[in-house]
Asks: 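This is the structure, below, for whatever I ask next.
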Amino acid sequence: MKTMPAAQFKAQCLSVLDDVNKKKERIVVTKHGKPVAQIVPCRSAATPTSNPLKGSVIYEGDIISSTGEAWEADS
């Protein structure tokens with residue numbers, strides 16, 4: 001994993017991002033020699049690996065119409 005001072009990252013940000021995307025390698029950005037951020041390549045958004053919301057919606061039927069029960073507030 002490559003490291004880079006924050007000042008250098010700031011000066012070369014766009015080319016660093018292109019390199020990370022092209023080479024698929026991580027870069028750790030440091031300040032005063034201590035890691036503060038990590039630049040990582042994105043996974044392709046065009047091909048999702050799973051469907052995280054599948055099965056999360058439950059159909060409860062008609063929730064708008066009256067149930068026919070008398071409400072205390074109606075009196």
Asks: Please name the pair of heavy atoms, one in L53 and one in S56, separated by the smallest distance, quoted to 0.1 Å.
Replies: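 Looks like O-OG, 2.6 Å.
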Asks: Which distance, rounded to the nearest 0.5 Å, do you find between the CD1 of I27 and the CZ of F9?
Replies: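 Between I27 CD1 and F9 CZ, I get 8.0 Å after rounding to 0.5 Å.
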Asks: Return the set of residues passing side-chain contact (heavy atoms from CB on, under 4.5 Å) with Q8 (not counting sequence neighbours), or none when no residue passes.
Replies: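 Once residues adjacent in sequence are excluded, the partners of Q8 under the side-chain contact (heavy atoms from CB on, under 4.5 Å) criterion are M4, P5, Q12.
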Asks: Does a donor on one side chain sit under 3.5 Å from an acceptor on the other, for D18 and S15?
Replies: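 Side chains of D18 and S15: no pair found under 3.5 Å.
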Asks: How long is the span from the CE atom in M1 to the CZ atom in R26, to the nearest 0.5 Å?
Replies: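 Here the interatomic distance stands at 6.0 Å.
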Asks: Work out which heavy atom in N21 is nearest to a heavy atom in K24; give both atom names and the distance.
Replies: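 It is O-NZ, 3.0 Å.
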Asks: Are I39 and V29 close enough that some pair of their side-chain heavy atoms sits under 4.5 Å apart?
Replies: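 Yes. Closest side-chain heavy atoms under 4.5 Å.
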Asks: What's the shortest heavy-atom distance between V28 and P35, and which atoms?
Replies: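 Heavy-atom minimum between the residues: CG1-CB, 3.6 Å.
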Asks: Taking the side chain as C-beta and beyond, is there a heavy-atom pair between K2 and E25 under 4.5 Å?
Replies: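 K2 reaches E25 side chain to side chain.
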